[in-house]
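Below: one structure, written as structure tokens.
In listed order, ligands and their atoms are each counted from 1. Numbers for residues simply follow the sequence, beginning at 1. Note that this is a predicted model, so its numbers are computed, not measured.
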Amino acid sequence: MHHFVPTTISLLVISLHLLRTSSQATPPPTSNGYNCSSDRSIYPCQAYALYRAGADPTLLDLASVGDLFGVSRLSLARASNLTATSPLVPGQPLLVPLTCACSSNLSYFPVSYRIAPGDTYYLVSSKNFGNLTSYPVVEVVNPSLVPTNLSVGVDVVFPIFCQCPTTKNGSLAIVTYSFQVGDTFASIASEFGTDVQSLVSLNGKEASVQAYTTILVPVSRIPPPVITRAVVPQPPSTASVPPSTVSAESGNGRRKGVVVGLAVALGIIGLLWLVSLLGLLLVWRRRRRWEEERGKRSNKYRGGGGGGGGGGERRFERSTSDDKLMADISEWLDKYKVYRIEELMEATGGFSEGSLIQGSVYKGLMDGEVYAIKKMKWNARDELKILQKVNHTNLVKLEGFCIEPDAGTCYLIYEYIENGSLHSWLHDRGRAHKLDWRARLRIALDLAHGLQYIHEHTWPRVVHKDIKSSNVLLDSKMRAKVANFGLAKSGCNAVTTHIVGTQGYVAPEYLVDGLVTTKMDVFAYGVVLLELVSGREAVSEGEILWMEVEGIFENKDGRVEGRIMAWMDKALMMGEQSMSMDSVVNVMHIARACLQKDPAKRPSMVDVAYTLSKADELFSDFSEDGLMVGSGDIVAR
Ligand SMILES: *[C@@H]1O[C@H](CO)[C@@H](O)[C@H](O)[C@H]1NC(C)=O
Ligand SMILES: *[C@@H]1O[C@H](CO)[C@@H](O)[C@H](O)[C@H]1NC(C)=O
Ligand SMILES: *[C@@H]1O[C@H](CO)[C@@H](O)[C@H](O)[C@H]1NC(C)=O
Ligand SMILES: *[C@@H]1O[C@H](CO)[C@@H](O)[C@H](O)[C@H]1NC(C)=O
Ligand SMILES: *[C@@H]1O[C@H](CO)[C@@H](O)[C@H](O)[C@H]1NC(C)=O
Ligand SMILES: *[C@@H]1O[C@H](CO)[C@@H](O)[C@H](O)[C@H]1NC(C)=O
């Protein structure tokens, strides 16, 4: 624990020796990342990266750039002195705010990126991320992936280089900057309001800096000054030959050996970073509590001066966003149980076939209780962040988690929901019991309540993004709970670059513009209503269920109810319980409203829940009395 205690050792920038040697042997130049082993106590901190919009032409708005780096559009706009809706021009410099952390002796901000067709580590690093990272280090931080054999859709961590300032030189933050052809230390220093000497002390001699590698720029203002010079991407100089494909293959034998050796070495010592990060955070949290008790809160930024004040003051030299991150994480630690992998192995019989529920979800018995254990990549972090905010009877509850650093795996432990998914209840053939209408109506209402909760009562708002019948689970009383927040993302109007979601449920505007709003969940909810009424799948044999709705409502002869009857699940008519056709027609009207092409015309989940609860009352009245009232077609039994 003592090596977390802050010291006043000045930070030495030590390069990764092996990698530097190797990259000199092979063009193009690459940055090697920054070694943070000499003073881990200054991490994490607020840092920035200067990113030029438009290197990838699809990333010409703040929301896309924010999504790429996993930061909010607003924080990006604020750091770059823009408004959230400002248009961008190609080459426009943006300051991306990062939380810089030290993991296995490398300091970086991890960004999760989903591989698309044609992507290589090199292309994504140099094009999408504007050379703020470099492919050899991407290999190092993703030891479980084979860079020459990437599958589309796999999530890769791209380490955006960064560094935390020491107290000594009085800079408040460090900006990572990709050195461009034509840049000089003098020009950069004047743009960022710093001096050449500070640049040399962090980066070595100017002559040793190669174009397109990163340099560190210390700044004494937060946010740093916004530079205005747009740089139009340069054609590659003749000296640097970009490799045609990724890394290991592109180098000569010697380099390959070095990289592989390094990857192995770092892999062995390295992957404990998750544990050390969590450890660091725990220690941090304790210290903060302790310090709060000591009533030292009045210490402020810049208070430290020479840094001689020791640990106590050091702790306060954090920006508010760091404090927020700490608060978020410490909340998980308070609220959830942290399981050991051995416990999970025992609970699931070593993740045996027999305990597999579905996909990567296993059933496990611990302390006499049954849990659902979901195995994920470490980007489960997003899910944790969201679940810690939501707590509602119609949402599946997260009980705890476990991190297995060697495998880059994270396990989420959920309450176990006995009756499985709505999808299997509706669509599994050979199921003896079908859901009756009353049960389906209850499920529709439960689901509406769960969604209403995440849309209205969380801040920032949560959009689930993957509502479908297989993400709706039924408990022992056949009450519905929404599961699988893996794709959920905070923030209402974020535009995403990756298409997620499930065919047949995805709202049209999302496919066209990538627009994410709560109305996207409303659309998917409308599809689930259709499944409840029709008993059909959202997509079967290429037919998309929601496309059939307009045909049913087309006012040919006014006999909408007849058409709905013909279309609905025959199992409903065979039930013991009597049911009201009015109620079915009502639900179909709600579904139709939810499926409007124009998201603005769709009702909110509040409206839906209200209307449905009315329908539910109506229905229970009729059914209890055995009364059947309908304007035209009446269905009994
Ligand atoms: C932010 O931009 C506005 C104009 O858009 C300018 O007046 C102001 O000085 C800028 N602030 C900083 C800190 O650069
Ligand atoms: C980090 O570097 C220190 C030496 O400064 C070394 O003792 C330690 O083992 C390294 N840790 C990792 C995870 O590389
Ligand atoms: C960082 O430097 C230390 C020596 O100070 C070394 O032990 C460690 O392996 C280096 N870490 C990395 C990731 O190269
Ligand atoms: C990144 O560096 C490569 C050379 O390694 C260069 O060709 C490319 O243009 C750079 N990308 C950007 C966005 O500057
Ligand atoms: C590439 O990956 C696929 C699936 O991930 C695997 O089946 C295949 O064996 C791999 N090929 C090589 C050469 O590693
Ligand atoms: C701090 O600045 C002085 C001169 O301004 C320089 O000699 C020294 O190396 C710097 N230290 C660090 C850690 O940057």
Side-chain angles (χ1 to χ4, degrees), residues 15-16 19-34 48-62 64-69 76 80 88-96 98 108-109 111 113 116 118-140 147 156 158-162 175-184 187-188 191-192 203 208-217 227-252 255 259 497:
S15 61
L16 266 168
L19 275 177
R20 174 148 288 172
T21 320
S22 68
S23 70
Q24 275 166 357
T26 314
T30 56
S31 297
N32 308 312
Y34 299 99
Y48 295 87
L50 190 125
Y51 179 73
R52 289 205 164 77
D56 175 342
T58 63
L59 300 180
L60 253 185
D61 62 279
L62 285 172
S64 314
V65 176
D67 266 5
L68 177 68
F69 285 93
L76 188 58
S80 308
L88 304 180
V89 296
Q92 179 166 347
L94 297 172
L95 279 166
V96 183
L98 317 168
Y108 62 87
F109 173 69
V111 173
Y113 176 90
D119 279 346
T120 63
Y121 285 177
Y122 172 75
L123 283 176
V124 176
S125 306
S126 64
K127 195 160 152 261
N128 303 51
F129 289 107
N131 292 320
L132 293 170
T133 180
S134 73
Y135 65 89
V137 189
V138 180
E139 287 182 31
V140 169
V156 175
F158 281 82
I160 304 302
F161 299 147
C162 60
V175 181
T176 309
Y177 180 89
S178 167
F179 200 80
Q180 303 292 305
V181 174
D183 276 340
T184 62
S187 68
I188 292 167
E191 278 170 327
F192 283 98
N203 303 287
S208 67
V209 175
Q210 290 168 292
Y212 303 122
T213 60
T214 53
I215 63 164
L216 301 171
V217 183
I227 70 167
T228 49
R229 181 173 51 99
V231 170
V232 179
Q234 301 269 341
S237 75
T238 45
S240 71
V241 186
S244 56
T245 176
V246 184
S247 61
E249 278 191 339
S250 69
N252 55 31
R255 210 191 122 255
V259 170
T497 47

Ring centres under 6.0 angstrom apart (Tyr51, Phe129): no
Side chain, backbone, both or neither: which applies to Tyr51 and ligand 4 if a contact is any heavy-atom pair less than 4.0 Å apart? neither
Ligand-side contact atoms (ligand 4) for residue partner Tyr122, heavy atom cut-off under 4.0 Å: 3 (C), 4 (C), 5 (O)
Counting only nitrogen or oxygen atoms and a 3.5 angstrom limit, does Asn131 reach ligand 4? yes
Would Phe129 count as a contact residue for ligand 4, given that I'm defining contact as a non-hydrogen atom of the residue lying under 4.0 Å from a ligand atom? no
Can you confirm whether Asp119 sits close enough to Tyr113 that some side-chain heavy atom of one is under 4.5 Å from a side-chain heavy atom of the other? yes
Can you name the atoms of ligand 4, numbered from 1 with element, that are less than 4.0 Å from a heavy atom of Ser126? 1 (C), 11 (N), 12 (C), 13 (C)
Distance-only polar pair, side chains of Thr214 and Tyr34, donor-acceptor under 3.5 Å: yes
Thr133 (side chain) donor-acceptor with Pro159 (main chain) under 3.5 angstrom: yes
Does Asp183 offer a backbone N or O that forms a donor-acceptor pair with the side chain of Ser187 under 3.5 Å? no
